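Structure first, then comments.
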Amino acid sequence: MKIATFNVNSINARLPRILEWFDKAKPDVAVLQEIKCVDEKFPAGEFEDRGYNVEVHGQKTYNGVALLSKHPVDDVVRGLPFLDDGSDKDDEQARYIEALVMPDAAAPVRVGGLYLPNGNPAPGPKYDYKLEWMKRLKKRAEKLLADEEAFVLAGDYNVIPQAEDVHDPAAWWGDALYRQETLDAFREIVNLGLTDAIRQADPAGILYTFWDYQRGAWEKDHGIRIDHLLMSPQAADRFKSAGVDRAERGKEKPSDHVPVWVELA
DNA sequence: ATGGTCGCCGAGCGA
C-alpha cells in the first residue's frame, strides 16, 4: 500500500509531469497540494482513466488540495476542522482533505493530505495563521489517535524539522519554516506519537524535497526537506519503506517540490 | 548584482 504526497504547484500547468509520474510510481493513494484551481477545473478524468477515485478541495488561484485513491474511500473531510464537531466554515483557504481508504486485501488506512501555511513573513499575521493552523492540526491528530486507527498525515508541512534538512541552516534560521516557534509546534504534533516515514527509512540522510526556482537552487542542491508523511503507531507498525523521488526535480517544467512516499504492509 | 523564477491571471501577490 503506497501512499504519496506531491506539491504540484498547479495541477494544470504540471499535468504531463504528474501523469508521467503516476504511471511510473503507481501510488495506491496520492495527496496533492497547490492544485491552484477550483473543483470544476481539476482534470479528474485523466486520473479516473487510470483507475483512481478523485476527491478535490479546490480554491481559485491559490492553495487547493486533492486526494486520489485506487481503493474505495469513505468519510471524506474537506477543510481542517476548527471544532470537534467537524465544522470548518471559517477557513477560507483550501488546505486539508482527508479520507478513509479501504483496500480489499489490506486493512484500512485513513489518509490526511495537508498544505500547511508558509507563514512568511515571520513574525506577522501570516505567521500567526500558520501557528493557529498547526494547533488545529494537532487537535485533529489527537482526535484520530484516540480512535487507534492506522493513519498517515501527509503533505507540504512548510516545516524544516532539523539542521540536516536544510543546505544552509544559519541562513534559514528565523524564516517561518525554520524558527523556534515552528519547530516547537511541529514537535508537539510529532510527540503525540507519530513517526516521520522518511526518518524511519533513513535516520540521517540528506533528503531534500524542495528546491526554489530562483538562484539555481536545484543545480547547486540548495534544497530543504519540508514535505513529510507522519504515521500513527498502527500505521508505523505496517511500515515497509519510504523514499523521495528526487529525479522529478530535474525534468522539463518541474514542480519546485518532488513526490515523497511511504509503503505500508 | 538589494535581483533572480514560477503560476496565478492579466496587476501584483504568493511561494
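None of these values were measured; they are calculated from a predicted model. Because only heavy atoms are used, hydrogens play no part in the values below, and waters and symmetry mates are left out as well, while side chains stay in. Naming: A, B, ... by sequence-line order, numbering from 1 per chain.
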Would you measure the distance from the C1' atom in B:dA11 across to the matching atom in B:dT2 and give it in whole Å? 22 Å

Please report, to 0.1 Å, the donor-acceptor pairs under 3.5 Å made by any side chain of residues 151-161 of chain A, with sequence neighbours excluded.
| residue | atom | partner | partner atom | Å |
| --- | --- | --- | --- | --- |
| A:D156 | OD1 | A:N158 | N | 3.0 |
| A:D156 | OD2 | A:N7 | ND2 | 3.0 |
| A:Y157 | OH | A:L153 | O | 2.8 |
| A:N158 | ND2 | A:L116 | O | 2.8 |

Ring pair (Phe, Tyr, Trp, His ring centres under 6.0 Å) pairs touching residues 240-265 of chain A, sequence neighbours excluded, are A:F210-A:H257

Under 3.5 Å, side-chain donor or acceptor atoms of residues 41-51 of chain A against the rest of the protein: list the pairs with distances, not counting sequence neighbours.
| residue | atom | partner | partner atom | Å |
| --- | --- | --- | --- | --- |
| A:R50 | NE | A:D23 | OD1 | 2.8 |
| A:R50 | NH1 | A:E46 | O | 2.9 |
| A:R50 | NH2 | A:D23 | OD2 | 3.3 |

What string of B, S and - do you get for nucleotides 5-15 of chain B, 5' to 3', when a contact is any protein heavy atom under 4.0 Å? BSSSS---BSS

Nearest-Å distance once atom P is located in both B:dA15 and B:dC9: 16 Å

When you compare B:dG4 with B:dC13, how far apart are their P atoms, in angstrom units rounded to a whole number? 16 Å

Does A:D237 have any side chain to side chain contact (heavy atoms under 4.5 Å, CB included) partners at least two apart in sequence or in another chain, and if so, which? none

Of A:T5, A:D165, A:D227, the one forming a side chain to side chain donor-acceptor pair (under 3.5 Å) with A:T209 is A:D227

How far does the P atom of B:dG3 sit from the matching atom of B:dG7, given to the nearest Å? 22 Å

Quick one: which residue pairs count as a side chain to side chain donor-acceptor pair (under 3.5 Å) with a foot in residues 115-126 of chain A, not counting sequence neighbours? A:E34-A:Y115, A:N118-A:N120, A:N120-A:D175

